[in-house]
2 protein chains.
Amino acid sequence: MLTNKMTNLIKKIPIDGVTLGIGDVSRATGVAQSKLRYWESKGYIQSRTVTDNSNRKFTYKTMLQVQLIKSYLADGYTLTSAVKQARQRDVYLDALRSFFEDRFINLEVTDHTAMVDLGQFDPDPTKHLVAKREATGWHFQLVDAEN
Amino acid sequence: MLTNKMTNLIKKIPIDGVTLGIGDVSRATGVAQSKLRYWESKGYIQSRTVTDNSNRKFTYKTMLQVQLIKSYLADGYTLTSAVKQARQRDVYLDALRSFFEDRFINLEVTDHTAMVDLGQFDPDPTKHLVAKREATGWHFQLVDAEN
DNA sequence: CGTGTAAGGAATTCTGACACG
DNA sequence: CGTGTAAGGAATTCTGACACG
């Protein structure tokens with residue numbers, strides 16, 4: 001019950017409501033503010049304006065795009081093609097998010113262990129797939145579904 | 001190879017380098033700026049100062065803490081105990097992050113499907129655990145490990 | 001095309017004080 | 001204790017112009 005509060009929280013905040021100022025995006029990605037403004041003026045990235053006449057705000061997703069564009073530029077791509085490549089990767093973010101929302105049923109942490117319940121294990125629907133953290137890292141196991 | 005770029009990216013940015021201004025945290029969480037300043041003055045939450053004499057910056061993690069404190073307050077807890085509860089949940093974030101870093105080996109997306117490789121399936125180490133997105137949602141399956 | 005900079009104004013955030021309960 | 005507000009100053013971001021290649 002309490003753990004649901006946590007997973008709901010994590011599911012809720014990250015992509016949607018969070019906006020970042022241009023300084024924060026620049027700092028996090030290492031891309032100069034003037035670049036960000038130029039890229040936006042060309043339609044390569046987008047920003048919201050929260051209220052009238054206020055400063056630019058970028059979404060978390062846009063920040064990831066910026067980081068991607070930057071890394072393609074570093075690979076030697078032109079800006080235009082770096083943008084194209086980055087756009088194709090949007091689907092990755094969406095996929096990852098969808099997986100998270102769909103499958104992170106529960107999360108439990110005690111002093112020495114952590115456990116992620118990933119829900120029904122399709123090859124054997126009577127079981128739940130559970131990931132447990134042990135000293136050697138995360139390991140999967142199957143447990144009897146209790147509901 | 002390209003997909004690794006993506007997962008590395010997602011693993012790299014989210015928690016570490018990102019800082020948010022007080023306005024962004026306030027907007028995302030719905031907690032007034034004056035509250036955030038007061039909570040900080042009491043040591044309930046923390047902020048960095050990026051350079052000398054600059055404005056407050058909060059980390060993503062702190063923003064989640066704020067959201068948690070808010071929700072405990074809404075449940076009727078006093079501020080002090082809401083903070084205590086929220087602190088105990090830090091371990092959840094760390095656990096989640098650790099799982100993600102440890103187990104999201106690869107992510108592939110094509111036109112109609114998406115696939116997350118979660119690595120070795122411990123009950124049968126000759127197999128890899130793979131999550132696939134289909135029309136009905138995400139489903140797990142086991143595939144032969146190829147390396 | 002793609003980026004940087006100096007300039008002056010606008011929007012945001014700062015602190016310390018005060019108010020209320 | 002916990003929160004909000006008005007006040008004046010400081011830090012941040014804005015646009016449009018200009019420079020360079």
Side-chain angles (χ1 to χ4, degrees), chain A residues 17-63 65-87, chain B residues 17-63 65-87:
Chain A
V18 184
T19 58
L20 299 113
I22 194 171
D24 296 321
V25 173
S26 177
R27 194 169 12 250
T29 61
V31 173
Q33 295 193 12
S34 61
K35 281 189 189 173
L36 295 173
R37 292 200 191 92
Y38 176 71
W39 294 0
E40 187 191 2
S41 77
K42 288 295 174 182
Y44 299 151
I45 57 175
Q46 295 189 322
S47 77
R48 310 173 180 173
T49 317
V50 181
T51 56
D52 276 0
N53 284 27
S54 70
N55 294 348
R56 250 174 278 262
K57 292 296 174 185
F58 297 95
T59 62
Y60 195 78
K61 191 170 178 178
T62 301
M63 188 182 64
Q65 287 247 313
V66 168
Q67 183 76 52
L68 269 175
I69 293 171
K70 181 193 176 188
S71 77
Y72 282 115
L73 286 176
D75 287 349
Y77 290 94
T78 63
L79 180 56
T80 332
S81 45
V83 168
K84 277 184 195 163
Q85 308 253 12
R87 284 204 177 131
Chain B
V18 185
T19 57
L20 300 112
I22 194 171
D24 296 321
V25 172
S26 177
R27 192 167 18 248
T29 61
V31 173
Q33 296 192 13
S34 60
K35 279 189 190 174
L36 294 173
R37 292 199 191 93
Y38 177 71
W39 293 0
E40 187 191 1
S41 77
K42 287 297 174 181
Y44 299 152
I45 57 176
Q46 294 190 321
S47 77
R48 309 175 180 171
T49 316
V50 180
T51 55
D52 275 358
N53 284 27
S54 70
N55 294 348
R56 250 173 278 260
K57 293 295 173 186
F58 296 96
T59 62
Y60 194 79
K61 190 169 177 177
T62 301
M63 188 183 63
Q65 288 248 312
V66 167
Q67 183 75 53
L68 269 175
I69 293 171
K70 180 193 176 189
S71 77
Y72 282 115
L73 286 177
D75 287 350
Y77 290 93
T78 64
L79 180 55
T80 332
S81 45
V83 168
K84 276 184 196 164
Q85 308 254 13
R87 284 204 177 132

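The structure presented is a predicted model; accordingly, all values stated were derived computationally and were not measured. So that the names make sense, note that chain A is the first sequence line, chain B the second, and so on, each numbered from 1.
- Both distances falling under 3.5 Å, in either a Watson-Crick or a G-U wobble arrangement, place D:dG2 opposite C:dC20.
- The aromatic rings of B:Y77 and B:Y72 stand perpendicular to each other, their planes meeting at an angle above 60°, with 30° marking the opposite boundary.
- The distance from the CD atom of A:Q46 to the CZ atom of A:R56 is 12.5 Å, given to the nearest 0.5 Å.
- When Watson-Crick and G-U wobble pairs are counted only if both distances are under 3.5 Å, C:dT15 pairs with D:dA7.
- Counting only distance, with no hydrogens or angles, the side chain of A:S26 and the backbone of A:V31 share a donor-acceptor pair below 3.5 Å.
- Distance, B:I69 CD1 to D:dT3 C1': 15 Å, rounded to whole Å.
- Nucleotide C:dG2 holds its C1' atom 5 Å from the OH atom of A:Y38, rounded to whole Å.
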Using nucleotides 12-14 of chain D, report all nitrogen or oxygen pairs with the protein that are shorter than 3.5 Å.
unit_1 : atom_1 : unit_2 : atom_2 : d
D:dT13 : OP1    : A:G23  : N      : 3.0
D:dT13 : OP2    : A:Q33  : NE2    : 3.1
D:dC14 : OP1    : A:R56  : N      : 2.9
D:dC14 : OP1    : A:R56  : NE     : 2.9
D:dC14 : OP2    : A:R37  : NE     : 3.1
D:dC14 : OP2    : A:R37  : NH2    : 2.9

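- Atoms CG and CG, on B:L73 and B:L68 in that order, are 11.0 Å from each other to the nearest 0.5 Å.
- Looking only at atom types and distance, the side chain of A:E40 has a donor-acceptor partner in the side chain of A:S47 under 3.5 Å away.
- Remark: side-chain polar atoms of A:T51 are not paired, donor with acceptor, to backbone N or O of A:S54 under 3.5 angstrom.
- B:T80 comes within contact range of the sugar-phosphate backbone alone, with a heavy-atom separation under 4.0 Å but no base atom that close.
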